[in-house]
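The next block holds one structure in the form of structure tokens; read it before the comments.
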Protein chains: 2
Amino acid sequence: MSVANTLESTTTVTAAPSRAAASGSRTHKIWSNMHDVCNLLRIPSGTFIGDDDHHFQHVQFKAGQRIHTAGQAFDMLYVVNCGFLKSVMIDEFGNEQILSFPMKGDLFGIDGIHTKKYTSEAVALSSCDIILIPFSKFAAIGRTNPILETALYGLMSRELIREQGMITMLGSLTVEARVARFLVSLSERFSAIGYSGKAFNLPMTRREIGNYLGVTLETASRTLSAFNELGLISVDQRSIYIHDLNALKTLRRLPPSRARIEQAEKKAAAAAANYVPSQQQPSATMREQMAVV
Amino acid sequence: MSVANTLESTTTVTAAPSRAAASGSRTHKIWSNMHDVCNLLRIPSGTFIGDDDHHFQHVQFKAGQRIHTAGQAFDMLYVVNCGFLKSVMIDEFGNEQILSFPMKGDLFGIDGIHTKKYTSEAVALSSCDIILIPFSKFAAIGRTNPILETALYGLMSRELIREQGMITMLGSLTVEARVARFLVSLSERFSAIGYSGKAFNLPMTRREIGNYLGVTLETASRTLSAFNELGLISVDQRSIYIHDLNALKTLRRLPPSRARIEQAEKKAAAAAANYVPSQQQPSATMREQMAVV
DNA sequence: CGGAATATTGAGGGTCATCAAATGTCGTGG
DNA sequence: CCACGACATTTGATGACCCTCAATATTCCG
């Protein structure tokens, strides 16, 4: 049952420079150069090929550990080399809201730039390998390298757009559409970093999914079960298999529960009559109902 | 009934340079220098005092006009000198979501940096005076002026944080708390730009408020009416008077509608008995109920 | 003055939060 | 190795809240 995205990253990193060897600490340290970091961030890195002037330290975290906390002094940006995390904002009432699930190639910590303190906290959901990017150093290099500067503005702008999409999702999509979009987004991100986009394990709990999507864990669970029932996905605990990605992409709302119940009753009747319908496949009529409106 | 924030801005701007006079078009053009723009954005502008090398053009828009549309090629950032706008994102299903209501001193258009196309559209809600900031020019000045560069990163980071707060609001606050926070935010922003924070006119419709807060216009209207009923505010169409800012700041949920109905019945009974309770003042017990949990 | 847009308020029904119970999973220590 | 407890997940029942539809009043503007 285990699928690829639970395995360790196979990304190669540059050998540790002399400083790392000198440190000799028990903590596992590796170093990446500018070229590696740019590749990870999908920034054109032509000008940095063979550049060994700048090195960025890696740090490992285990599930549950915090990379940074809200209010902590800001000086680093972070790039995920492997593993899964959550970024959480806590409001003045103590409400926690998950803002993102960073994974390989994602940058986080940007929110600290403005007030020089992080406003959110980042927590590892699995074993993680994180690259530390001192912001002042990055900005300084950017000042002499227009491509990097543009890329840095671009990354911030991209994150802004991602959050706008999240606002739009929370503000105007039904719960089913949010869960569907969440699955599609995970699928696309897994594909982009070399894992399967069809079969994967969820790095987060139902509670975290629900929190991220603005619903309770029960609603998140029920919605996944409904998708499973309709044959759009197969879900068992953390493992997901996507049968109909396109239906998930275009889904706006499920057929009214009335229709779903009738459908379920038909199924039950068929089962009672000892007729076994094809496993996990939604009827064509049911798919049409979902696509409409 | 008219209050200050409906009046024209009294901000002075520098005289138009010769170019503007030469244009001689019927459109009303003025110019601001770097110092003015920094002041408007609340950026330390010390290094730009007396700087007349850079000029930024003003453009006027009337209510309903678009400043930019989604998909349009990006080259400008915009700073509001006076007036009110809305920034709207439209998703792949055609859902519109209002992301912000820019007003004096606010920067918008940042979302265009990443893909070189605006992803949202900006629409004037009232007569507006907008300053055009060519992004490449701003970034170039930033390269030689660390304060401006830092400020630019800071502005983007601040906007990121604002959107995170919006996500948290949509994901974890009750409708009443969202409306309350919306009013508090408007109040604080009006105060910051020199208008009254207690009495003001809403620049947007109920539909726009509801859309912004992720609810229907009816729910937005009803919630404002409930606040009015409780004496937290007085509301009549677009005009707002805030009686109890602190209650709005700490409000999490209204007392259950059952209790509200009883309260209303008591009021009605009192009125029938020809006893007139002090206008618009909620009872102490009612306030306690609101603050709790 | 009349028509369109805006705002208010009511009635009814659907969706989702809440409370609850049962089952499954995993890490830890006996 | 297994038993235990803590946590995660699923599923059901119930009711509050909010959306939808609808009617009316008010404002704005040509």
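Residue numbering restarts at 1 for every chain, and letters A, B, ... go by the order of the sequence lines. Fair warning: this is a prediction, and the values are worked out from it, not measured in the lab.
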key: Integer-rounded Å distance: C:dT8 P and B:E229 CD   = 12 Å
query = In this structure, which one of A:K249, A:R181, A:R252 forms a salt bridge (charged side-chain N to carboxylate O under 4.0 Å, His left out) with B:E92?
reply = A:R181
inquiry  = Is it the case that the ring center of A:F227 lies less than 6.0 angstrom away from the ring center of A:F182?
reply    = no
inquiry  = Check this for me, if you would: do B:E218 and B:R207 make a salt bridge, where the nitrogen-to-carboxylate-oxygen distance has to be below 4.0 angstrom?
reply    = no
A:E188 side chain to A:S185 backbone, donor-acceptor under 3.5 Å = no
ask   = Side-chain N or O of B:T216 less than 4.0 angstrom from OP1 or OP2 on D:dC18?
value = no
task = Please determine if B:E176 and B:R253 form a salt bridge, counting it only when a charged side-chain N lies under 4.0 Å from a carboxylate O.
result = no
Worked verdict on B:Y212 versus B:F101 for ring pair (Phe, Tyr, Trp, His ring centres under 6.0 Å) = CA-CA 9 Å; B:Y212 178 74; B:F101 293 110; 5.0 Å; yes
Please list, pair by pair, any protein nitrogen or oxygen found under 3.5 Å from a nitrogen or oxygen in nucleotides 5-14 of chain D.
| residue | atom | partner | partner atom | Å |
| --- | --- | --- | --- | --- |
| D:dT9 | OP1 | A:R238 | NE | 2.7 |
| D:dT9 | OP2 | A:R206 | N | 2.6 |
| D:dT10 | OP1 | A:R206 | NH2 | 3.0 |
| D:dT10 | OP2 | A:R206 | NE | 2.6 |
| D:dT10 | OP2 | A:R206 | NH2 | 3.3 |
| D:dT10 | OP2 | A:S221 | OG | 2.7 |
| D:dT10 | O5' | A:S221 | OG | 3.4 |
| D:dT11 | OP2 | A:S225 | OG | 3.0 |
| D:dG12 | N7 | A:R222 | NH1 | 2.8 |
| D:dG12 | O6 | A:R222 | NH2 | 3.1 |
| D:dA13 | N6 | A:R222 | NH2 | 3.4 |

request  = Please assess A:F190 against A:F84 for the test ring pair (Phe, Tyr, Trp, His ring centres under 6.0 Å), listing each intermediate value before the final yes or no.
outcome  = CA-CA 11 Å; A:F190 281 139; A:F84 301 95; 5.8 Å; yes
task = Check the distance between C:dT6's C1' and B:N201's CG and give it to me in whole angstrom.
result = 15 Å
request  = Could you tell me which non-hydrogen atom of B:S120 sits nearest to which non-hydrogen atom of B:S87, and how far apart they are?
outcome  = OG-OG, 3.8 Å
Report all interatomic pairs (protein N or O, nucleotide N or O of nucleotides 28-30 of chain D) with separations under 3.5 Å.
none

remark   = Separation of D:dC17 atom P from B:L254 atom CG, nearest Å, is 9 Å
query = Is B:E208 touching bases, backbone alone, or none of the nucleic acid, heavy atoms closer than 4.0 Å?
reply = nothing
